[in-house]
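The structure appears right after this line, and notes come after that.
The residues of the chain are indexed from 1 along the displayed sequence.
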Amino acid sequence: MKYTDMLAEFGIGSAHPGGFSKTKQMLMDIDIQETMTVMECGCGTGQTAAYLQQLYDCRVIAIEAHPVMAAKAKQRFEQNQLPIVLLQEKIESMPLGNESVDVAVAESVLSFCQLDQAVSEIFRVMKQGSLMYANELICTESLMPEEKKQLSSIYGFTSLFTESEWKKTLLALGFSSVEVSGKVSASQLQHDDSDKGNDMMPSKTISPSSFATLQSHQQTMNVFGDKIGHALIIATK
């Protein structure tokens, strides 16, 4: 079972590093007006998109390719009567017009995508001068090829970047400036008691393979907890 399929079955709302407390911290630092259009790339079960809409009363577009995740996001939006535009599409090919988005948000998503295609699409739909905020996986040190292979086989990562590699890649894809801050290792986050709760929308039945994948994830974090983590990446178009 893929790691993302396991997350979908459990319906984990804040699977990204740092949990929802890091999400709220990130969003509070963004200058969002009611008239703006904010796009969340890979919205999962819709926790962040819902919070965005409720907090800022702006136009929110949520993109999610995984059918189970998208169904749970739709359920959340309908239950809370939120006018969020949900598109079950891949980030690599979004049905949005050029320069139609004021702010782009991504949380632990880009490392699972075909990165060049996904970032190029995000760049295309962003307005000139707008910002992309990405709470993303980062390598706190350079990994050996066999380590990257192991992590990719477990999680399905398509990229495992250090801070300098993130900057180099995003600048090469057209962004005028890239800032990276708040870098924290996975092991440091395990000792953070500020966000131990989680938003969950579990499926009616959870397959045994989901529990096995979750256990594999926990074991992997014990090994790689000091080598990978997350950081806030702010890229300006």
Side-chain angles (χ1 to χ4, degrees), residues 13-65 69-70 72-74 76-89 91 94-111 113 118-138 166-167 170 173-184 194-195 198-199 230-237:
S14 302
H16 50 271
F20 196 50
S21 64
K22 297 296 182 183
T23 296
K24 290 189 287 186
Q25 181 181 332
M26 175 182 73
L27 297 182
M28 290 300 291
D29 290 336
I30 304 176
D31 181 19
I32 297 176
Q33 308 297 323
E34 290 183 10
T35 55
M36 289 183 173
T37 296
V38 181
M39 174 182 68
E40 186 188 5
C41 305
C43 73
T45 65
Q47 184 186 29
T48 295
Y51 184 78
L52 265 168
Q53 214 288 319
Q54 291 168 325
L55 183 65
Y56 292 108
D57 195 25
C58 56
R59 182 170 186 255
V60 177
I61 300 174
I63 312 292
E64 179 54 55
M69 289 285 201
K72 292 180 180 183
K74 181 181 179 182
R76 183 194 298 272
F77 301 156
E78 289 178 349
Q79 286 179 344
N80 291 278
Q81 298 182 325
L82 299 174
I84 294 171
V85 178
L86 175 63
L87 301 175
Q88 189 180 328
E89 304 284 350
I91 300 170
M94 296 183 290
L96 298 173
N98 294 345
E99 299 195 7
S100 57
V101 170
D102 295 287
V103 177
V105 174
E107 295 188 282
S108 194
V109 170
L110 300 180
S111 296
C113 297
V119 172
S120 294
E121 269 291 89
I122 294 170
F123 186 88
R124 177 184 68 80
V125 303
M126 290 173 60
K127 293 180 181 178
Q128 192 63 40
S130 63
L131 301 174
M132 177 182 74
Y133 290 79
N135 174 19
E136 284 293 328
L137 172 78
I138 195 167
W166 269 116
K167 288 181 177 179
L170 294 176
L173 290 169
F175 286 95
S176 61
S177 67
V178 180
E179 299 177 12
V180 179
S181 63
K183 185 165 60 176
V184 184
S194 65
D195 191 45
N198 213 320
D199 176 279
H230 87 109
L232 175 61
I233 302 168
I234 303 176
T236 305
K237 180 172 179 178

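- Using a 4.5 Å heavy-atom cutoff, the side chains of V178 and I234 are not in contact.
- Annotation for S111 and W166: closest pair OG-CZ2, 3.8 Å, computed over non-hydrogen atoms.
- Of all heavy-atom pairs spanning F20 and T48, the tightest one is CE1-OG1, 4.2 Å.
- Within the 4.5 Å cutoff, the side chain of I63 has no heavy atoms near those of the E40 side chain.
- For K127, the NZ atom sits in a packed shell: over 12 heavy atoms of surrounding residues, nucleotides or ligands are nearer than 6.0 Å.
- Looking only at distances, no side-chain donor or acceptor of R59 sits under 3.5 Å from a matching main-chain atom of I84.
- The backbone N or O of C43 sits less than 3.5 Å from a side-chain atom of E64, completing a donor-acceptor pair.
- Distance OH/Y133 to CG/D29: 7.5 Å, rounded to 0.5 Å.
- The shortest heavy-atom contact between M126 and L131 is CE-C, 3.4 Å.
- Contact detail for S108 and E136: the closest heavy-atom pair is N-OE2, 3.1 Å.
- A 4.5 Å side-chain heavy-atom check between C58 and Q53 finds every atom pair outside the cut-off.
- Residues S176 and T236 have side chains that never bring a donor and an acceptor to within less than 3.5 angstrom of each other.
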Chi angles and distances behind the side-chain contact (heavy atoms from CB on, under 4.5 Å) call for L173, S120: CA-CA 7 Å; L173 290 169; S120 294; 3.9 Å; yes
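- Applying the side chain to side chain donor-acceptor pair (under 3.5 Å) test between T45 and each of K72, R76, K74 identifies R76 as the sole match.
- To the nearest 0.5 Å, the span separating CD on E121 from CG on L96 amounts to 8.0 Å.
- For the pair K237 and F175, the cation-pi test (distance below 6.0 Å, angle within 45°) is failed.
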Please evaluate residues V125 and N98 with respect to the criterion side-chain contact (heavy atoms from CB on, under 4.5 Å), reporting the C-alpha separation (whole Å), side-chain torsions for both, the decisive distance (0.1 Å), and the verdict. CA-CA 4 Å; V125 303; N98 294 345; 5.7 Å; no
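- The shortest distance between side-chain heavy atoms of V60 and V85 does not fall below 4.5 Å.
- Considering only heavy atoms from C-beta on, Q128 comes within 4.5 Å of E99 through its side chain.
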The test is side-chain contact (heavy atoms from CB on, under 4.5 Å); show your working for K183 and L232 and say whether it passes. CA-CA 7 Å; K183 185 165 60 176; L232 175 61; over 6 Å; no
Given E179 and I233, is the side-chain contact (heavy atoms from CB on, under 4.5 Å) satisfied, shown in steps? CA-CA 6 Å; E179 299 177 12; I233 302 168; over 6 Å; no
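- Side-chain atoms of C41 and I122, non-hydrogen and from C-beta on, do get closer than 4.5 Å to each other.
- Taking the side chain as every heavy atom from C-beta outward, V38 and D102 never approach each other to under 4.5 Å.
- Two residues are said to be in side-chain contact when any heavy atoms from C-beta on lie closer than 4.5 Å; M94 and M39 meet this criterion.
- Taking every heavy atom of both residues into account, M26 and I30 meet most closely at O-CG1, 3.3 Å.
- The heavy-atom pair separating F77 from A49 by the smallest distance is CZ-CB, 3.9 Å.
- Residues E78 and N80 have side chains that never bring a donor and an acceptor to within less than 3.5 angstrom of each other.
- A donor-acceptor contact shorter than 3.5 Å is absent between the side chain of Y56 and the backbone of Y51.
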